[in-house]
There are 2 protein chains.
Amino acid sequence: MFSKETEYALRGLVYIQTQNILGNRPGTDEIAREIEAPRFYTAKILQRLVRMGFLMSLKGKGGGFFFDKKKPELTIKELILATEGDKILTGCGFGLNNCTPDRPCKLHEQYILIREDIDKLVSSETIQSLAKK
Amino acid sequence: MFSKETEYALRGLVYIQTQNILGNRPGTDEIAREIEAPRFYTAKILQRLVRMGFLMSLKGKGGGFFFDKKKPELTIKELILATEGDKILTGCGFGLNNCTPDRPCKLHEQYILIREDIDKLVSSETIQSLAKK
DNA sequence: TTATAAAAAGACTAGAAGGTCTTTTAGTAT
DNA sequence: ATACTAAAAGACCTTCTAGTCTTTTTATAA
């Protein structure tokens with residue numbers, strides 16, 4: 001469904017948020033261990049997320065990752081769009097690139113419904129809402 | 001959603017079936033052109049499908065690809081399982097590999113519903129049903 | 001003010017997916 | 001029989017995803 005990068009980002013961010021709630025700022029080693037993801041790869045992905053402004057970090061002793069509480073909640077959709085673009089939400093199931101609403105391909109009608117459900121799900125859930133579950 | 005291989009296979013097989021209905025046995029060049037897919041890659045994918053028994057072919061003049069009319073219709077699901085395994089139909093949206101019904105992950109409940117819809121769609125549609133549309 | 005801790009940066013590697021091309025094999029029509 | 005046609009086989013290449021590792025920068029605590 002999603003790429004590894006999106007998966008690790010999703011799991012990592014939810015873990016960070018659950019720790020933030022407890023007053024902690026986890027670091028890459030802890031995060032990677034807890035979400036069962038490769039250590040260095042997780043670090044790289046988190047760095048990208050910081051650069052994109054989704055997340056904040058502090059270097060040095062006592063440092064780690066945390067969310068800016070002034071910012072609105074981060075929807076899964078925003079995260080997916082940033083890590084792997086909109087192909088899941090705009091692409092056609094049949095794989096015909098010239099499949100448009102007026103010239104739909106043979107799987108279009110049925111696939112549209114599924115795509116809308118995916119869109120609804122990733123639009124309504126946020127990192128913060130998942131962290132509370 | 002699907003891999004390129006699955007996409008080209010899907011489009012190629014539907015094209016072959018529509019041509020079979022008209023009494024034709026299209027070859028790799030024609031198929032690749034019509035479904036807008038890379039020529040040699042399409043040929044390779046069709047060869048694999050023949051080896052897997054989904055399709056038949058004839059070499060030499062007047063040769064090409066065709067379906068065995070004695071066989072039952074080929075569901076999209078069978079095709080997907082053969083080309084990319086069952087990860088789309090069994091995998092977890094959240095990407096947690098130890099996500100089971102009794103220990104569900106945080107996106108499980110909602111994702112399950114979408115996965116079931118996908119399963120229903122690919123189980124009900126066949127190459128033959130798509131070719132008729 | 002220095003030792004230490006942790007993120008940032010970026011080079012590098014492995015493997016898989018996607019794609020190309022040439023040669024071989026096997027039919028078919030003449 | 002032979003020439004031609006088309007699939008089969010398989011080597012090869014390219015690109016992208018996933019993952020590793022080392023070095024550099026920056027902050028903090030003692």
Side-chain angles (χ1 to χ4, degrees), chain A residues 1-13 15-16 19-20 24-33 35-68 80 82-85 87-88 95 97, chain B residues 1-13 15-16 19-20 24-33 35-68 80 82-85 87-88 95 97:
Chain A
M1 190 79 200
F2 300 121
S3 67
K4 287 290 172 193
E5 182 174 350
T6 303
E7 280 186 18
Y8 297 153
L10 206 47
R11 278 148 62 179
L13 291 180
Y15 179 76
I16 291 167
Q19 286 304 306
N20 283 178
N24 304 326
R25 271 203 300 256
T28 53
D29 283 18
E30 176 186 340
I31 297 165
R33 193 188 338 111
I35 69 173
E36 292 171 72
R39 212 170 131 227
F40 294 114
Y41 194 36
T42 303
K44 175 188 271 185
I45 291 167
L46 292 176
Q47 280 163 30
R48 283 201 274 247
L49 293 171
V50 168
R51 242 178 296 170
M52 289 190 275
F54 291 135
L55 191 66
M56 297 182 83
S57 65
L58 260 178
K59 287 183 180 181
K61 224 170 226 175
F65 296 88
F66 60 98
F67 283 94
D68 184 349
I80 292 170
T83 53
E84 56 189 76
K87 59 181 186 301
I88 291 185
N97 37 12
Chain B
M1 191 79 201
F2 300 123
S3 67
K4 288 289 171 194
E5 182 173 351
T6 303
E7 281 185 18
Y8 297 152
L10 205 47
R11 279 148 61 178
L13 291 179
Y15 179 76
I16 291 167
Q19 288 302 309
N20 283 179
N24 304 326
R25 271 203 301 257
T28 52
D29 283 17
E30 176 187 340
I31 297 165
R33 193 187 339 112
I35 69 173
E36 293 171 71
R39 211 172 131 224
F40 293 114
Y41 194 36
T42 303
K44 176 187 268 184
I45 290 167
L46 291 176
Q47 279 163 31
R48 283 202 273 248
L49 292 171
V50 168
R51 244 178 295 170
M52 289 190 276
F54 291 136
L55 191 65
M56 297 182 83
S57 66
L58 259 179
K59 287 184 183 181
K61 220 172 230 175
F65 297 87
F66 60 99
F67 283 95
D68 184 350
I80 292 170
T83 52
E84 57 189 75
K87 60 181 184 303
I88 290 185
N97 37 12

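Per chain, numbering begins at 1; letters A, B, ... match sequence-line order.
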Nearest-Å distance for atom pair [atom1]/[atom2], residues [X] and [N]:
X: B:E30; N: D:dT5; atom1: CD; atom2: C1'; result: 15 Å
X: A:F40; N: C:dT13; atom1: CZ; atom2: C1'; result: 14 Å
X: B:F66; N: D:dA6; atom1: CZ; atom2: P; result: 15 Å
X: A:M56; N: D:dT26; atom1: CE; atom2: P; result: 16 Å
X: A:E7; N: D:dA18; atom1: CD; atom2: P; result: 9 Å
X: A:R39; N: D:dG19; atom1: CZ; atom2: P; result: 15 Å
X: A:R25; N: D:dA29; atom1: CZ; atom2: C1'; result: 13 Å
X: B:F2; N: C:dG18; atom1: CZ; atom2: C1'; result: 18 Å

Legend entry - Shortest non-hydrogen contact between B:I35 and B:Y15, atoms and distance: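 Closest heavy-atom pair between B:I35 and B:Y15: CG2-CB, 3.9 Å.
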Legend entry - Closest non-hydrogen atom pair between A:R48 and A:Y41, with its separation: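 Minimum heavy-atom contact is NH2-CE1, 4.4 Å.
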Between [X] and [Y], is any pair of side-chain heavy atoms under 4.5 Å apart?
X: B:T83; Y: B:I45; value: no
X: B:P38; Y: B:Y8; value: yes
X: B:F65; Y: B:T28; value: yes

Side chain of [X] - closest among [options]:
X: A:K59; options: D:dT22, C:dA5, D:dT25; result: D:dT25
X: A:K4; options: C:dC21, D:dA8, D:dA18; result: D:dA18
X: A:S3; options: D:dT22, D:dA18, C:dA5; result: D:dA18
X: B:P38; options: C:dT20, D:dA8, C:dA8; result: C:dT20

Hey, does the side chain of [X] come within less than 4.0 Å of [N]'s phosphate (OP1/OP2), counting only N and O?
X: A:S57; N: C:dA6; value: no
X: A:Y41; N: D:dT17; value: no
X: A:Y8; N: D:dA18; value: no
X: A:T28; N: C:dA7; value: yes

Legend entry - Selection: residues 42-53 of chain B, any non-hydrogen atom under 4.0 Å of DNA chain D: B:K44, B:Q47, B:V50, B:R51
Inset, instruction - Could you grab the distance from atom CG of A:L55 to atom CG of A:L49, nearest 0.5 Å is fine? - result: 6.5 Å
Legend entry - Polar side chain donor-acceptor pair, B:T6 to B:E84, under 3.5 angstrom: yes
